[in-house]
Amino acid sequence: MENMEIKNHPCFNAEIRKKYARIHLPVAPACNIQCRFCNRRYDCANESRPGVTSAVLSPQQALSYLKYKHAKNPEITVVGIAGPGDPMADAEKTFETLKLVRQSFPNILLCVATNGLALAQNVDRLAELKVSHVTVTVSAVDPDIGAKICAWVRPDKKPFRGVEGAAMLWERQQEGMKKIVEAGITLKINCIIIPGINDGHILEVAKTVKNIGAHIMNCTPLIPAAGSEFENREIPSPDIIHDIRAAAGEIIPQMAHCAQCRADACGIIGAQELQKDMLTVEDFAKMPLRPGDDRPYVAVGTREGILVNQHLGEVDKFIVFRNGGHGFEIESIRNAPPPGTGVKRWLDMADILSDCRTVLVSGIGPSPRKILLEKGLAVTEMEGLVEEGLKAVFSGNEIPAVMRRRFMGCGGACGGSGQGCQ
Amino acid sequence: MIEVLKERKNQVGRSGEGTGDIACSRPSAAGSVSQRACVFCGSRVVLYPIADAVHLVHGPVGCAAYTWDIRGSVSSGPQLHRNSFSTDLQEQEVIRGGEKKLYSCLIELINRYKPKAAFVYSTCIIGVIGDDVEAVCRKVAAESGVTVIPVHSEGFKGTKKDGYSAACDALMKLIGTGDIKGLPGFGINLLGEFNLAGETWIIRKYLERMGVSVVAAITGDGRVDDIRRAHGAKLNVVQCSGSMTPLAKRMEAEYGIPFIRVSYFGIEDMSAALYDIADFFGDVGISTRTRDLVKEEITRLLPALAEFRKRLEGRRAAVYVGGAFKAFSLVRALRSLGMRTAVVGSQTGNTEDYRQLKEICDAGTIIVDDSNPLELSSFIRETDVDLFIGGVKERPIAYKLGIGFCDHNHERKIPLAGFEGMFNFAREVHATVTSPVWNAIRGKETICVPLPGVKSSEYLENLEKKRPEIPDDWKNPLHNAADGTPETPTENSNHTARNSCKLCAPLGACLAFRGIERGMPFLHGSQGCATYIRRYVISHFREPFDIASSSLAEADTIFGGMNNFAKGIDNVRMKYEPALIGVATTCLSETIGENVGMLIKGYLAKHDGEKLPALVNVSTPSYKDTHAEGFHSAVRAAVDAFATEPPATIKNENLLILPGIVSPSDLRELREIAVFCGARPTLLPDYSETLDAPLADGCVPLSKGGTSIEAIRHASEFAAVIQLGPGAASRKSASDILEERHGSRVFRIGWPLGLRATDEFVRAIESVTGSSAATGLMAERGRLLDAMADGHKYTFGLKAAVYGEEDLVVAVCGFLAEIGVRPVLCATGSKSGRFAGWLENTAAGISGGAEIIEGADFANISEAALKARPDIMIGHSKGYSTARELGIPLIRIGFPVHDRFGAGRKLILGYRGAMDLFDRIVNAVLEKRQDASKTGYSYL
């Protein structure tokens with residue numbers, strides 16, 4: 001099936017790029033490396049470049065979004081996951097999404113774009129879901145050059161910087177790419193042309209990836225993203241791009257029609273995407289995290305209605321919010337079950353809040369947390385404005401670190417001797 | 001990439017990286033230019049706000065001088081705490097013991113002020129000379145019936161944290177000594193709330209609304225009698241827990257009072273504090289009222305905050321403050337303004353604090369313990385933040401780098417605690433972050449006129465209506481005894497330096513060394529001296545001013561400071577790459593007998609063959625002389641060390657000017673005048689650029705400018721040396737050395753202040769260069785004359801009080817004589833025995849009508865001024881309370897000026913300087929008359 005599949009993928013086949021459309025599902029916000037040209041923080045509707053998205057979707061939201069878009073654009077033949085982070089760094093969300101899509105669209109082409117750091121360990125799962133196309137971004141095959149492009153890599157918890165990091169990245173990329181080729185998946189290489197850093201190195205990249213077995217290569221110019229380390233670097237001239245592609249083309253087939261799509265791109269490559277009557281990715285992000293399920297609300301433990309500041313056990317009345325059209329609205333105020341009934345209290349609580357996807361409280365013990373979770377109610381611990389908490393959980397984002405807990409330190413373990421802590 | 005000293009590597013970390021703890025709670029690395037002070041500082045911070053106690057600092061004058069009324073801790077009644085009382089130990093007392101002096105001072109102060117208690121702070125030197133402070137305190141207490149409590153705060157005996165616990169020990173001696181009958185049921189103590197800008201009053205109002213009473217606000221607007229009864233409270237509520245947890249723990253152990261830790265900064269933490277207090281009592285009424293209070297306050301506040309947030313969303317901040325708890329509150333408060341924190345650090349956090357900070361900050365946040373100016377500025381650059389939150393020492397770093405700054409330290413005058421404090425904080429952050437000046441600095445075209453928000457203006461209006469009242473019956477703290485009655489004068493007792501009119505010698509030396517090109521001052525002593533002096537100088541010049549310290553600890557005072565000295569020099573060499581390290585001693589290193597000359601020799605021998613900076617040492621124990629002499633000694637030491645080259649060619653136009661302590665503008669003026677007279681002048685020292693650097697230079701380790709060492713080396717080649725000021729010339733000075741060693745031609749004249757003095761300066765230069773002053777300079781002279789003619793009626797017959805360094809007072813009085821102003825009081829902190837003579841030389845007949853005081857402090861000045869009734873005062877900002885008491889204008893000149901802007905830009909020398917000073921005198925008088933006029937005229 002190898003080369004046959006290329007035919008219907010607009011990114012891999014220039015001849016059909018005007019006919020077939022692709023959709024990117026922005027479900028993978030986390031990343032495990034820091035490229036110096038990348039800044040994923042800001043969204044701009046007028047900006048189009050990899051790593052940018054208007055909103056992040058949960059796997060279920062993504063499926064709803066795909067269904068909606070596919071109904072409007074039946075020419076969509078390819079579903080890709082390209083971020084806004086790295087799909088393999090956020091593997092659980094990526095595979096959950098791919099699984100849901102595969103179930104609903106057995107014949108659609110699935111593709112994934114990754115930096116390759118966490119690729120090798122996931123190739124089996126990709127193959128299992130019949131992912132047919134994988135793109136790996138390889139901008140250098142020499143760690144000394146790689147270190148100038150990538151500030152750090154974080155395969156697990158510990159980051160590796162500089163040449164050490166770049167060497168690790170390249171090693172894992174090779175391993176991953178070999179496995180992809182072995183699994184019979186079409187392998188595309190993206191290579192960012194960064195003048196003054198790797199513009200003299202591209203042909204070396206081309207030769208090396210060709211040897212590994214890559215099928216096609218896309219040499220694409222640097223976009224100096226605002227706020228990134230390379231924000232003030234010059235971009236390669238069209239002449240340079242042309243020359244590089246021509247020379248690399250002698251070694252490996254080139255893709256010359258790349259439009260450097262956003263992580264939430266949809267439609268014909270390079271075509272105008274804004275359509276006023278269409279629901280946008282942001283609209284889907286506002287939907288319940290798991291559309292279709294029966295938990296549309298969020299319960300809050302608060303004393304005065306403004307701050308999340310009650311432990312679960314302290315709550316006598318829950319305020320239950322819904323995500324209304326114009327901000328969050330109080331759906332109801334519900335009495336908590338009275339204390340003193342042991343486990344029954346938590347089971348009753350789970351029943352009372354059975355239509356809530358989570359409950360925001362300032363604290364909870366391990367045992368009630370477990371009981372509630374078994375009943376399908378996740379508990380979110382935080383301290384701070386109710387509004388901020390709702391904003392986070394309704395949009396599927398994490399509670400900001402600073403609101404996750406209260407600071408209890410300072411002087412706690414200090415004997416004041418100035419000789420260290422006792 | 002940030003370069004951190006090797007021994008500090010594990011004191012810096014990042015959130016989300018690594019599992020290792022941040023190293024902390026250890027003495028500052030020598031030569032690292034820590035932002036920390038010393039043990040004394042820690043004690044002084046905690047006890048200072050006890051308003052009806054005498055606070056006597058036992059030691060040389062510096063420690064007391066640098067902590068005189070610089071904090072925003074206000075009192076609703078007695079103002080006694082705002083004075084600076086020092087035993088002002090002199091060399092003889094250091095040799096023979098300071099107990100007698102301490103005894104006399106205590107008796108004097110207790111008789112004068114009838115305080116409720118007295119605290120005696122031991123400084124470094126007391127720990128070395130071994131005064132039995134406890135015994136003196138016991139004796140005085142027995143004789144006077146007033147509790148006298150020793151505070152063991154010798155600067156070198158640990159870090160600031162040890163000072164906190166010494167203060168807590170002192171407090172424990174008061175607690176439990178009062179009658180607790182009749183105390184309210186819901187009574188708490190406030191610990192670690194310092195009533196900066198009236199914050200304690202804000203918190204007390206909330207508590208009142210809840211139905212909770214405060215038994216003792218121990219550290220803010222504190223009273224001795226309240227503290228005596230503090231054991232009658234049900235709960236201790238601890239803010240700034242780094243400083244006050246030891247006390248809370250001891251009260252828990254001894255009196256069974258539980259404690260909770262809180263913070264009053266930011267919406268969340270303020271609410272949590274009130275709820276925690278309410279929960280402790282478990283009273284339904286209190287709980288309901290607390291809930292209503294929080295709801296009302298936040299509901300009013302949020303719309304106002306939203307307006308600021310709109311403009312601040314996505315901006316980034318760096319936070320470097322004293323304690324970790326405050327740091328975290330700030331991270332949260334910033335977050336509620338939509339801002340992210342990229343750097344967070346503290347001076348005194350512990351391992352657990354940092355572990356939690358790491359956890360609750362966004363990944364990648366830099367977390368740092370005990371940082372220093374170079375690190376902080378590289379963090380700022382690396383993280384590209386928009387705002388820095390810190391104290392006075394950090395302010396110039398931020399501004400030099402072109403970013404906003406918010407003062408969250410004890411000097412501030414705006415309340416940031418409570419819900420309204422959060423509003424003030426937002427307003428402050430918004431004002432500094434969105435100011436159009438940054439656009440100008442970064443060369444951006446856009447100018448956005450700041451629009452007032454509707455909601456925030458409403459909130460502000462409401463706030464101003466119900467601001468807590470600061471007592472309006474202002475009194476000079478010196479004349480306001482503990483119980484509010486006037487002081488009791490005692491006969492012929494003048495032992496204590498009460499608000500000294502001098503600073504210690506090391507300060508002067510540091511100032512002089514910063515006037516030598518790439519010169520780095522280095523204090524051989526404990527960490528606090530460097531930090532205190534830095535803050536003092538920075539507040540005046542509003543420029544970065546780094547001083548390294550050998551950070552001596554207790555063991556070093558026993559075994560010698562050699563290791564710390566060498567390590568400090570190593571670190572300064574590495575981080576600052578100075579051309580000169582100017583080592584000044586302190587009272588500590590002098591008393592333990594450090595031989596800095598030998599230390600330097602040893603260091604040079606060990607590092608033979610390396611590229612070394614020049615090392616110069618000067619002896620500046622603060623129990624001798626004042627900052628003025630320290631300054632001149634440092635200049636002399638530099639000349640002595642470097643001016644060794646025999647003359648090769650002497651050119652008539654080459655001229656060396658030794659100016660004394662004048663402003664950067666004055667230095668530039670001196671140079672210009674000399675150039676006008678055909679000279680090519682060199683000034684020594686020359687901090688006209690180093691302490692008045694253009695912003696374009698950014699924040700560099702050592703700012704550009706200063707006298708080059710090469711020029712000093714060839715000092716023999718100057719055609720003449722002009723030594724300004726009789727005080728500077730009265731001891732063996734730099735000019736004496738040049739005269740003896742090279743036969744240099746020396747002019748010893750007064751400061752060119754006023755017409756005749758400037759004429760004399762001009763003539764001296766002309767006589768060397770052989771050319772006459774250019775017409776431009778003569779035009780300036782003409783304009784000065786013109787101004788003097790225009791304004792003569794407004795100045796004639798005015799009576800003035802002038803104070804400050806000898807040379808300054810002498811020069812000013814010379815000019816006053818020219819414009820018909822009669823000095824009625826001339827005071828200086830120095831004791832040369834020749835002050836009156838110099839004054840008489842400069843302004844003949846002055847001694848007939850003026851009170852002339854040597855070795856003066858502001859108690860003397862205040863008393864004399866009340867008798868002499870001057871119309872104006874001329875001198876530095878420390879005379880403010882006297883001027884205010886007399887209701888007369890203070891014309892601020894000299895050093896320090898801490899309450900006005902542009903102190904470094906004020907010009908008084910030369911014809912132009914005299915003209916400026918003349919205008920300021922005339923206008924001060926006119927302004928006062930106009931303000932007092934019933935008709936409110938607008939035309940003269």
Side-chain angles (χ1 to χ4, degrees), chain A residues 30-32 34 41-43 151-152 154 156-162 226-229 231 302-311 314 316 362-363 382-389 391 398-422, chain B residues 15-19 23-27 158-162 164-165 168 238 240-246 261 263 267-269 271-272 275 287 290-292 294-295 298-299 302 314 323-326 328-329 331-332 334-336 341 349-357 359-363:
Chain A
C31 196
N32 50 7
Q34 177 60 59
R41 196 172 311 134
Y42 301 109
D43 166 42
W152 49 255
R154 191 160 51 202
D156 192 10
K157 287 210 168 121
K158 189 168 157 17
F160 296 86
R161 295 172 184 281
S228 74
E229 195 180 322
E231 105 181 274
T302 168
R303 297 180 191 237
E304 71 301 276
I306 305 171
L307 298 164
V308 179
N309 53 14
Q310 284 186 307
H311 275 243
E314 289 176 338
D316 54 350
S362 63
M382 65 165 280
E383 277 211 355
L385 289 172
V386 171
E387 175 93 14
E388 298 262 329
K391 216 187 279 173
E398 300 249 348
I399 300 285
V402 65
M403 294 168 75
R404 255 176 258 151
R405 56 170 291 182
R406 189 168 172 189
F407 185 75
M408 295 307 296
C410 207
C414 176
S417 64
Q419 305 297 316
C421 300
Q422 293 148 12
Chain B
S15 181
E17 284 183 18
T19 49
C24 57
S25 298
R26 56 186 190 191
T159 66
K160 195 170 163 186
K161 275 189 209 169
D162 300 293
Y164 297 149
S165 69
C168 292
V238 185
C240 184
S241 51
S243 70
M244 294 308 285
T245 303
R261 295 197 181 94
S263 160
I267 301 171
E268 289 101 337
D269 288 356
S271 309
Y275 281 131
S287 292
T290 306
R291 197 188 60 212
D292 294 348
V294 170
K295 186 165 188 174
I298 303 185
T299 310
L302 282 180
F325 213 123
K326 180 154 86 183
F328 180 59
S329 278
V331 173
R332 264 199 178 174
L334 286 165
R335 161 92 212 167
S336 56
T341 307
N350 67 25
T351 314
E352 179 55 27
D353 296 341
Y354 290 121
R355 200 176 290 149
Q356 291 192 39
L357 270 176
E359 234 176 277
I360 52 202
C361 290
D362 291 322

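Lettering follows sequence order; numbering is per chain, from 1. These numbers come from the heavy atoms of this one structure, side chains and all, not from hydrogens, waters or symmetry mates. The structure displayed is predicted, hence computed values, not measured ones.
- Residues satisfying the salt bridge (Lys or Arg N to Asp or Glu O under 4.0 Å) test with Glu304(A), not counting sequence neighbours, are none.
- Atom CZ of Arg291(B) and atom CG of Asn309(A) lie 11.0 Å apart (nearest 0.5 Å).
- In this structure, CD on Glu383(A) lies 8.0 Å from CD on Glu268(B), to the nearest 0.5 angstrom.
- Inter-residue side-chain proximity for Ile306(A) and Ile267(B) is flagged as unmet; no heavy-atom pair is nearer than 4.5 Å.
- For Thr299(B), the parts lying near chain A are the backbone and the side chain together; criterion is any non-hydrogen pair under 4.5 Å.
- Residue Glu387(A) does not touch chain B at all, counting heavy-atom pairs closer than 4.5 Å.
- Pairing each heavy atom of Val402(A) with each of Arg335(B), the nearest pair is CG1-CD, 3.4 Å.
- In this structure, the portion of Leu307(A) lying under 4.5 Å from any heavy atom of chain B is its side chain and not its backbone.
- Listed by chain and number, the residues in a side chain to side chain contact (heavy atoms under 4.5 Å, CB included) with Ser336(B) are Met422(B) (sequence neighbours excluded).
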